[in-house]
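All values below come from the heavy atoms of this structure, side chains included, with hydrogens, waters and symmetry mates left out. Note that ligands are numbered from 1 as they come in the structure, with each ligand's atoms numbered from 1 the same way.
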Amino acid sequence: MKITRVETFLVPPRWMFVRVETDAGLIGWGEPVVEGRAEPVRAAVEVLAEYLLGRDPSRIEDHWQVMTKGGFYRGGPVLSSAVAGLDQALWDIKGKQYGVPVHQLLGGPVRERVRAYSWIGGDEPAEIRDALAAQIEAGFTAVKMNGCGPMTPVATRAEIRDCLRRAETAREVLGDERDFGLDFHGRVSPANARRLLPLLAEHAPMFVEEPVLPDYPHSLPDLVNASSIPLALGERLFTRQEFLAPLQAGVAILQPDISHAGGISELRRIAALAETYGAQLAPHCPLGPIALAASLQVAFTTPNFLIQEQSIGIHYNQDAELLDYVTDPEPFRFQGGSLARTDRPGLGITVDEPAVRAADKKGHAWRNPLWRHADGSFAEW
Ligand SMILES: [Mg+2]
């Protein structure tokens, strides 16, 4: 079998899909994207496709090595995301070739369902209560929300109180049986994180995510020791090498994104690395159906998997939804906040190709919001 064609589709709300065709008629789908930087990823996929065309799609590991390392320069979100999407598509083809789901090729299932959480935003504290109630109503047992808005580098008492109030509200509405994660979104300085974490501990969040930007890995040991709250991070890390220092610092939960961190192949290796530290995998995934399907394949076969992010109903996705691009929503039907394992081949979904082609004609130019502090200076979003 040979790869005969590689196409990319820029689709609303802010995603990109890749379609890899073979001379045997098998098609694989992947989702290579960096939110807000989709165009450079598309260019990177086109460059990598030059190598893949005419080659055997079954040699996934060898292609991963060449795509990741063969250009001499390596790493970073754009290249790693391009490789990630192509890697997903190659696994999809291999699964379809043998008529089995990808998780069977990775060692077989270790669980029958995957717990997921819903995202409720949290940028508007007044809306948190209703949003939490809606997720409970939908059957979810865990949610995630932002812990704060833009925060000054040395927070005021009011900013600290605002963050604590969100956590207090979440715990009050959810009770003790459900969980919430609090995402600091890189908005919180190391000094503010040190102050906030011990104060938040009484509300027992499941985790605090990106307690600080990935720019400050040296502050992680202090932050781990600042409270009993498990720290989570990794959506802006791209290789297993980049996860080593956070693990050594005591970070409890790794959140690589299957569309940024080298795809299914690298996510498996990041999970194995985490296992040696007793750490858990909770993949980041505010993306589309292919990235979620690929994440689920890893979750079904990874022992130290904790919980899956997913984007259905996420507040950024205003023009299109995850289910717009599949012909059968069944693999994404939640029961009690979980998704059940299926034996469908490959990634386990059927992409609605006409819908994808039509959406690509519309395209998108999504960029993340730019925030400013009160004095006019740049603020982390
Ligand atoms: Mg996050």
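- The existence of a salt bridge linking E7 and R5 is confirmed by a sub-4.0 Å separation between a basic side-chain nitrogen and an acidic carboxylate oxygen.
- The pair R42-D360 counts as a salt bridge, with a side-chain nitrogen and a carboxylate oxygen less than 4.0 angstrom apart.
- Looking at E209 and the Mg ion (ligand 1) together, the shortest N, O or S contact belongs to OE2.
- Within 6.0 Å of CZ in R59 there are 12 or fewer heavy atoms belonging to other residues, nucleotides or ligands.
- If you look at E235 and ask which of its N, O or S atoms sits nearest the Mg ion (ligand 1), the answer is OE1.
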- Check the pair Y117 / F140 against ring pair (Phe, Tyr, Trp, His ring centres under 6.0 Å), numbers first and verdict last. CA-CA 7 Å; Y117 62 79; F140 283 95; 9.1 Å; no
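- Taking 2.8 Å as the criterion, D183 counts as a coordinating residue of the Mg ion (ligand 1), since one of its N, O or S atoms falls below it.
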